[in-house]
Amino acid sequence: MPHDPSDPTRRIEPHFETEAPVSGGIAARALAARQQAMQNAPYLEGLNPEQRAAVETLEGPVLVLAGAGTGKTRVLTTRIAHILTENRAFPGQILAVTFTNKAAREMKERIGHLIGGNVEGMPWLGTFHSICVKILRRHAELVGLKSSFTILDTDDQLRLMKQVIQAEGLDEKRWTARAFASIIDGWKNRALTPDQLPEGEARGFGNGKGRKLYEEYQDRLSVLNAADFGDLLLHTITLFRKHPDILADYQRRFRYMLVDEYQDTNIAQYLWLRLLAQGNPNICCVGDDDQSIYGWRGAEVDNILRFEHDFKGAVVIRLERNYRSTSHILAAASHLIAHNEGRLGKTLFTDLADPDAERVQVANVWDSEEEARSIGEEIEALQAKGHRLNDMAILVRASFQMREFEDRFVTLGLNYRVIGGPRFYERMEIRDAMAYLRCVAQPADDLAFERIVNTPKRGLGEATLKIVHALARAERIPLTEAASRLCQTEELKPKARTSLKGLLSDFDRWRGQLETLPPGELAEIILDESGYTEMWRQDRSAEAPGRLDNLKELSHSIGEFESIAGFLEHVSLVMDRDGGPGDDAISLMTLHSAKGLEFDTVFLPGWEEGLFPHQRALDESGRAGLEEERRLAYVGITRAKRRAKIWFASNRRIHGLWQSTVPSRFLEELPEDQVEIVEQGSGYGGYGGGGFGSYGPSRFDNRDPFRSSYSTPGWQRAQKARAEAGSSGRSSGSGFAGRATLSERGRREGPKTIEGELVAKSVSDAPSQFSTGERVFHMKFGYGHIATIEGNKLTIDFDKAGRKRVLDSFVERP
DNA sequence: TCATTGTGGGTTTTT
DNA sequence: CCCACAATGA
């Protein structure tokens, strides 16, 4: 631990040596410290009594049940500040675990603010995984790895599993690598090593070969000196179990333990925590059982439900005072979540009286298209009243729902931002580039080698690779090693041999530059000399320029690291997405990725049976699945600070087929008093209007006279036709608001907008007047080049705004 | 080695 | 319906 006197954290360190004070006058000392803290601990000010209790109850197990918006992070960070200020422990004696890097970063930052200094001295604040890596690097040999082990990403895992499945001679279609990956994941989430698998489960996969495959996979990992994400926890648990001395060491070290988002822990994480807490009961878990939405990836709500049972003498503190939302929103959310049985029970409340507060709104639309249109109108109306797009979000259940909104926003010229989705480090070109770097920095990295050996094409196809593989496996040596041996022999075709030789000597040359060149520069050299950048420059496809940009960005960010190795370590654990708030834009994301965020206005579309709650959750997990879906709804509503607006459509296209839908049961579970049923301003004619305004057993029933009795495909087609006729008809009748906004922007005259929409529907395959590559101008997005054309829909790479899909009627030649 | 056709699957995602 | 991926043929 650093003891630099200039280090600002220095002044918060205790006066004692390595052991924290546990005995001898502790009571007196604690009292004195507390009194001092009460007097001059600004960080305690403004905490409500429950928060304060959560901060000050330092000894023994504590469960803080922190409802949405009740100041959970504040409690966690203040608690750490409190431990430090009261001299209960060194920074290095506090273990604080989070799930995401983002959460860890935020905590570090906020602690820094609280105690006024940096928190470099908190080495054990991080994600479960990063802390495990830290531990494993020290004791790697004890779990069959070398300290330099690499961490595989999902892509590498899949390829490895595929090899294992092939090696066992199984049918790859019947037993896919993907399925195997999720099964192994499940095993690792429950901390099951191959020998611990229950017989039934072991037989369930791969014609009864499950255990064998798992063993093989683990074996391959260890030969590669690699670990997957699950291994990081699993190996640490194994380490702790097999080496009580090492465990005792960590138990002694961690005087205080804090866990964020405890409701998201899986069994392995729970066991990991329990092992550490056995030596020292000062564990504080913070979480909200009502926000447990990750059961499908191994999270055990039971962990939080059973806390008092698992940690004897636990104190449970409930944070129910909400600082985020209006009372209407809280009432709606509370009412809904009260329908869950498996919960510890909390009721959120707020003291903030807000006479202008809007009730939660529920609106019905004919189909998803009208849903998008109507939400678009609401957004524009709010915008006109001075609300910023940054303060609004659309939260969907499934990502396919996003497309309709994107299309709509593009037509409206409304700035939007999709949160989530494929991340920077998951893009193909970035993975390829990183594979090159891995080959150079880690010569034994077979997976990286395989990935790029023939990218760009250099005549090293399957045939060559097979030979290299055979030798590598026979000799148990890395592929690069096998390749270089083969270059000495006549086994390969001359062409392949020359090419392979060239690649290997490139690797050697770059390795020689590892020490001398700055990492960013070297990365660029590697990508250039390997021909990788050239490959994309030659590529005429629309994505190529973007990929080149990404590569540039990559070598730029490598420049910020000490070494390439340091960069790789960072990336394998910190798969952060880039991009901050940026311009004013509405956020579009799934309910899952909205957890932890908040917005003034939240739009919640798609509340229909089958979609939300999702049919598959019901089918696969029954009541537990339904409850998790309900928690997801709860998360969605509680994201809203001032306005929550829920939509459900009467018809939705599912797998290409139009289906009439039933309103979500969650709508019935909202409290009548806080909810307002809205007739869409966009005019909603006769459809379903009959059921509105009057509450009853099924207040959201559309009363469509046809729905219940007709469900043949032919009838559905007829309904669809009717919907389309209806929608354009409605547009002319009541779509004036939308059109006015458009023409105010000076884009098009009103009628043309409608024409545009009609055109979009009816003659979408008419040839466009534009051609690919042409430079065009768009009112909202500026200049750009046409990437692709489908009918009258253009995909354009804008200079500033990036790639967008727009209707051709909105662009013109410059 | 590449382009085309066929097939299957379609919820949520972090490390 | 639409996308991604795998097998197939030139």
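Computed over heavy atoms, backbone and side chain alike; hydrogens, waters and symmetry mates excluded. Lettering follows sequence order; numbering is per chain, from 1.
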Next item on the list: Pick base, sugar-phosphate or nothing for Lys162(A), based on heavy-atom distances below 4.0 Å to the nucleic acid.
Entry: sugar-phosphate
Note to self: Expressed as a whole number of angstroms, how long is the span from Leu591(A):CG to dT14(B):P?
What the structure shows: 14 Å
Next item on the list: Report the distance from atom CG of Asn266(A) to atom P of dT15(B), rounded to the nearest whole Å.
Entry: 14 Å
Margin query: Please determine whether a side-chain nitrogen or oxygen atom of Arg631(A) lies at a distance below 4.0 Å from atom OP1 or OP2 of dT12(B).
Written below: no
Note to self: Are dT12(B) and Trp296(A) stacked, with the base six-membered ring and the side-chain ring centres under 5.5 Å apart and planes under 30°?
What the structure shows: yes
Next item on the list: Over 60° means perpendicular and under 30° means parallel, so classify the ring planes of Tyr294(A) and His592(A), tilted if in between.
Entry: tilted
Next item on the list: Indicate the ring-plane relationship of Trp607(A) and Phe666(A), choosing parallel, tilted or perpendicular according to the 30° and 60° boundaries.
Entry: perpendicular
Check: Expressed in whole Å, how much space separates the C1' atoms belonging to dT13(B) and dC2(C)?
Finding: 23 Å
Check: Nearest to the side chain of His592(A) - dT12(B), dA7(C), dT15(B)?
Finding: dT12(B)
Next item on the list: Identify which nucleotide among dT1(B), dT15(B), dA7(C) has an atom closest to any side-chain atom of Asn454(A), counting heavy atoms from C-beta outward.
Entry: dT1(B)
Item checked: Spacing of Arg630(A) atom CZ relative to dT12(B) atom P, expressed in whole Å -> 21 Å
Next item on the list: Please answer whether dT11(B) and His614(A) are stacked, defined here as ring centres separated by less than 5.5 Å and planes angled under 30°.
Entry: yes
Next item on the list: With P as the reference atom in both, quote the distance from dT12(B) to dC5(C) in angstrom, rounded to an integer.
Entry: 15 Å
Note to self: I want to verify a distance call: between dT13(B), dT1(B), dC1(C), whose nearest atom is closest to the Lys457(A) side chain?
What the structure shows: dT1(B)
Next item on the list: For Glu172(A) and dG8(B), give me the distance from atom CD to atom C1', rounded to whole Å.
Entry: 16 Å
Next item on the list: Please identify each residue that fulfils side chain to side chain contact (heavy atoms under 4.5 Å, CB included) with Arg497(A), with sequence neighbours left out.
Entry: Cys487(A), Glu490(A), Leu492(A)
Item checked: Side chain of Arg403(A) (C-beta onward), nearest among dC3(C), dT15(B), dA7(C) -> dC3(C)
Margin query: Taking the nucleotide of DNA chain B with the nearest heavy atom to each, does Thr127(A) or Glu628(A) sit closer to the 5' end?
Written below: Glu628(A)
Check: Quick check: are there more than 12 heavy atoms from other residues, nucleotides or ligands sitting under 6.0 Å from NZ of Lys134(A)?
Finding: yes
Notebook entry, point to check: Has the side chain of Gln263(A) got a donor or acceptor atom that lies under 3.5 Å from a matching backbone atom of Asp288(A)?
Noted result: yes
Check: Can you tell me how far P of dT7(B) sits from CZ of Arg174(A), to the nearest Å?
Finding: 19 Å
Notebook entry, point to check: Is the distance from OP1 or OP2 of dG10(B) to the nearest side-chain N or O of Arg616(A) less than 4.0 Å?
Noted result: yes
Check: For Leu465(A) and dT1(B), what is the distance between atoms CG and P respectively, to the nearest whole Å?
Finding: 11 Å
Next item on the list: Taking atom P in both dT14(B) and dC3(C), compute the distance separating them and give it to the nearest angstrom.
Entry: 23 Å
Note to self: Could you check whether any side-chain heavy atom of Phe612(A) comes within less than 4.5 Å of a side-chain heavy atom of Ile646(A), counting everything from C-beta outward?
What the structure shows: no
Checklist line | Candidates dT15(B), dT12(B), dC1(C) - which lies nearest the side chain of Arg653(A) | finding: dC1(C)
Item checked: Below 4.0 Å: OP1/OP2 of dT14(B) and any side-chain N or O of Lys102(A) -> no
Note to self: Is Ser593(A) close enough to dT12(B) that one of its side-chain N or O atoms is under 4.0 Å from OP1 or OP2 there?
What the structure shows: no
Note to self: Looking at dT15(B), I'd like to know if its phosphate oxygens (OP1 or OP2) sit under 4.0 Å from a side-chain N or O belonging to Asn101(A).
What the structure shows: yes
Margin query: Just the rounded figure in Å: distance from C1' of dT15(B) to CG of Asn189(A).
Written below: 11 Å
Item checked: Nearest-Å distance for atom pair CD/P, residues Gln291(A) and dT13(B) -> 16 Å
Next item on the list: Choose from dG10(B), dT13(B), dT15(B) the nucleotide whose nearest atom is closest to any side-chain atom of Thr590(A).
Entry: dT13(B)
